[in-house]
Amino acid sequence: MVDIQKSEEKTNLFDLGLEEIKQFFVEIDEKPFRSTQLVKWLYQHGVTDFDEMTNLSKSLREKLKKHVQLEALEIEHEEKSNDGTVKWVLRIPGGQLIETVFIPEADRGTLCISSQVGCALDCSFCSTAQQGFNRNLSIGEIIGQLWLANQRLGGFDKDNRPVSNVVMMGMGEPLLNFDAVTKAMNIMMDDNAFGLSKRRVTISTSGVVPALGRLQAHSDVALALSLHAPNNELRNELVPLNKKYPIEVLLPAVKSYLDASAAAKRVTIEYVMLDGVNDKIEHAKQLKKILHDVPCKINLIPFNPFPNSQYVRSKNQQIQRFAEFLVKNGFIVTTRKTRGDDIDAACGQLVGKVKDKTKRTRSIPINTVSE
């Protein structure tokens with residue numbers, strides 16, 4: 001991370017949730033409402049220089065300089081696709097790399113955010129899983145991805161808000177980093193911070209049922225489920241977490257979340273299309289059966305190949321037949337567009353690419369936020 005204001009024993013406010021920031025102000029003998037002023041400067045305006053926070057008294061600004069550090073993520077690599085997709089590989093303390101992707105569309109700008117360094121779930125079709133699991137990201141490392149995207153895209157200009165949607169679909173399983181992820185999402189949705197609609201912040205899970213049961217009470221957001229298979233036998237192979245929380249346990253938990261949520265009236269079912277594995281019409285029939293009473297839309301995802309993968313992307317004609325069957329049976333179905341092919345758009349691919357590149361060119365700096 002790039003150190004903006006730092007000294008020993010200072011508190012990094014980016015690593016605190018909203019309530020924790022209020023408590024911090026109490027601890028330094030300041031009124032809690034001052035924390036709201038600071039949050040606005042940090043997250044609405046992108047200001048990290050205390051001297052620019054003009055509605056704070058000089059004495060408070062000096063106190064903050066004494067007790068606070070603010071750190072922004074360091075960009076290891078940045079690429080922009082011909083279709084406008086922007087991707088960042090970010091270096092965090094310890095030297096690990098994470099990735100963040102911005103996908104612009106006509107009616108929205110979606111930021112895909114990582115929650116962990118690598119992933120422990122070992123889904124057989126996922127490139128991130130091949131990297132293994134290193135650690136959870138902190139609140140600051142999660143919210144910092146949105147902060148950095150706004151900085152790089154001009155999003156701290158009140159008339160230019162390129163990021164309208166956030167999806168927790170980057171590296172890692174968000175519900176296995178529950179506290180940091182929920183606190184970061186609450187900052188994203190807070191009117192004094194980024195002010196995103198709760199329906200425009202989506203958490204994607206492979207099905208950590210106990211955490212899903214707690215989610216609505218901590219952070220009410222839209223929900224996506226990485227299902228990828230219509231039966232337990234196949235899902236055990238593709239998503240090993242299914243052995244612990246099988247479909248007959250998982251889907252009722254999803255329905256319970258939807259019933260309690262104001263943000264999620266239906267779940268997005270994510271379904272990667274693997275040639276000859278899960279893309280046959282018999283699989284579509286099984287999917288119809290298990291989802292018949294689950295309010296949902298189905299997002300078919302053409303598989304993104306990666307080195308040494310055992311899988312192949314389903315043929316376009318087969319994906320179309322699969323989708324048409326589901327549509328005829330009353331489901332809302334979309335097929336995810338392939339974006340950023342020229343810069344390795346798939347989750348995990350860019351980090352792997354940069355690791356390979358830096359191994360060959362260790363002495364060559366790639367890119368930093370201080371440019």
Side-chain angles (χ1 to χ4, degrees), residues 98-103 108 110-123 125-129 133 136-137 142-143 145-146 163-178 180-182 184-186 188-189 196-216 218-229 235 238-242 245 247 250-251 253-255 257-258 261 263-273 291 294-304 332 334-337 339 345-349:
I98 61 171
E99 61 185 37
T100 307
V101 180
F102 173 68
I103 305 170
R108 72 184 67 188
T110 301
L111 190 69
C112 184
I113 287 180
S114 295
S115 57
Q116 297 179 313
V117 184
C119 186
L121 294 189
D122 200 27
C123 296
F125 58 86
C126 178
S127 59
T128 301
F133 174 73
N136 286 327
L137 297 183
I142 297 169
I143 201 66
Q145 296 171 66
L146 177 55
V163 179
S164 62
N165 294 61
V166 168
V167 291
M168 300 298 303
M169 294 182 184
M171 299 170 66
E173 164 55 60
L175 289 183
L176 291 180
N177 187 13
F178 189 90
V181 165
T182 53
M185 292 192 303
N186 288 340
M188 296 174 194
M189 296 182 290
L196 295 176
S197 165
K198 62 173 61 177
R199 296 187 179 185
R200 291 180 175 266
V201 176
T202 300
I203 191 167
S204 175
T205 180
S206 294
V208 185
V209 169
L212 182 58
R214 299 169 52 208
L215 179 60
Q216 197 274 335
H218 292 265
S219 189
D220 188 16
V221 294
L223 181 66
L225 173 65
S226 294
L227 187 62
H228 306 306
R235 195 165 192 264
L238 298 179
V239 186
L241 182 66
N242 193 73
Y245 306 115
I247 290 172
L250 173 58
L251 291 182
V254 168
K255 289 174 65 178
Y257 180 82
L258 298 179
S261 173
K265 294 307 178 186
R266 60 188 180 191
V267 59
T268 298
I269 300 294
E270 298 171 336
Y271 195 97
V272 65
M273 299 297 290
L291 295 177
V294 179
C296 66
K297 60 180 179 180
I298 301 171
N299 186 13
L300 303 180
I301 307 169
F303 173 64
N304 289 295
I332 299 170
T334 59
T335 300
R336 182 176 294 180
K337 298 176 183 177
R339 299 293 299 269
C347 178
Q349 288 186 332

Self-check item: Check: L137 main-chain N/O paired with N177 side-chain donor or acceptor under 3.5 Å
Solution: yes

Practice problem: Look up atom CG in L121 and atom CZ in F133, then write down how far apart they are to the nearest 0.5 Å. | Solution: 9.5 Å

Self-check item: pair V221-T182: side-chain heavy atoms closer than 4.5 Å
Solution: no

Quiz prompt | No-hydrogen, no-angle side-chain donor-acceptor test under 3.5 Å, S261 and Q216 | solution = no

Exercise. Starting at CE of M188, measure out to CG of N186 and round the result to the nearest 0.5 Å.
Key: 9.5 Å

Quiz item: Side chains of S115 and E173: is there a donor and an acceptor less than 3.5 Å apart?
Solution: no

Quiz prompt | Within-4.5 Å side-chain heavy-atom neighbours: P210 and Y245 | solution = yes

Exercise. Say whether, by atom type as modelled, one donor and one acceptor occur between the side chain of N136 and the main chain of G172 under 3.5 angstrom.
Key: no

Self-check item: Atom pair NZ (K198) and OG (S219), whose distance is rounded to the nearest 0.5 Å
Solution: 8.5 Å

Self-check item: Nearest heavy-atom neighbours spanning R266 and C296
Solution: CB-N, 3.7 Å

Practice problem: Would you name the heavy atoms of A229 and Y271 that are closest together and state the gap between them? | Solution: N-CE1, 3.6 Å

Quiz item: Got I247 and N242 here, is their nearest side-chain heavy-atom distance under 4.5 Å?
Solution: yes

Exercise. Mind listing the closest non-hydrogen atom pair of L146 and L111 along with its distance?
Key: CA-CD2, 3.6 Å

Quiz item: Is there side-chain contact between V272 and L238, with heavy atoms separated by less than 4.5 Å?
Solution: no

Self-check item: Over all atoms of both residues, closest heavy-atom pair of V163 and L196
Solution: O-CD2, 3.7 Å

Quiz item: Is any side-chain heavy atom of I142 closer than 4.5 Å to a side-chain heavy atom of M168?
Solution: yes

Practice problem: Return the orientation label for the H228 and F125 ring planes: parallel under 30°, perpendicular over 60°, tilted otherwise. | Solution: perpendicular

Self-check item: Spacing of I113 atom CD1 and F102 atom CZ [to the nearest 0.5 Å]
Solution: 12.0 Å

Practice problem: Report yes if the side chains of R235 and L250 come closer than 4.5 Å at any heavy-atom pair, otherwise no. | Solution: yes

Quiz item: Is there a donor-acceptor pair closer than 3.5 Å between any side-chain N or O of R336 and the backbone N or O of N299?
Solution: no

Self-check item: For the student: nearest non-hydrogen atoms of S206 and V239, plus distance
Solution: CB-CG1, 4.1 Å

Self-check item: Minimum heavy-atom distance M189-D220, with the two atoms named
Solution: SD-O, 3.9 Å

Quiz item: Can you find a pair of side-chain heavy atoms, one from L300 and one from T334, that are under 4.5 Å apart?
Solution: no

Practice problem: Using atom types as modelled and distance alone, determine if a side-chain donor or acceptor of Q145 lies under 3.5 Å from a backbone N or O of S114. | Solution: yes

Quiz prompt | Between CG on residue L241 and OG1 on residue T205, distance to nearest 0.5 Å | solution = 7.5 Å

Exercise. Would you sort out whether T202 and T268 count as a side-chain contact (heavy atoms from CB on, under 4.5 Å), showing the intermediate values?
Key: CA-CA 9 Å; T202 300; T268 298; 5.9 Å; no

Quiz item: Is there a side-chain contact between L215 and F178 (heavy atoms, below 4.5 Å)?
Solution: yes

Quiz item: When you look at L225 and L251, which way does the side-chain contact (heavy atoms from CB on, under 4.5 Å) test go after all the steps?
Solution: CA-CA 9 Å; L225 173 65; L251 291 182; 3.9 Å; yes

Quiz item: How far does CD1 of I298 sit from CD of E270, to the nearest 0.5 angstrom?
Solution: 12.0 Å

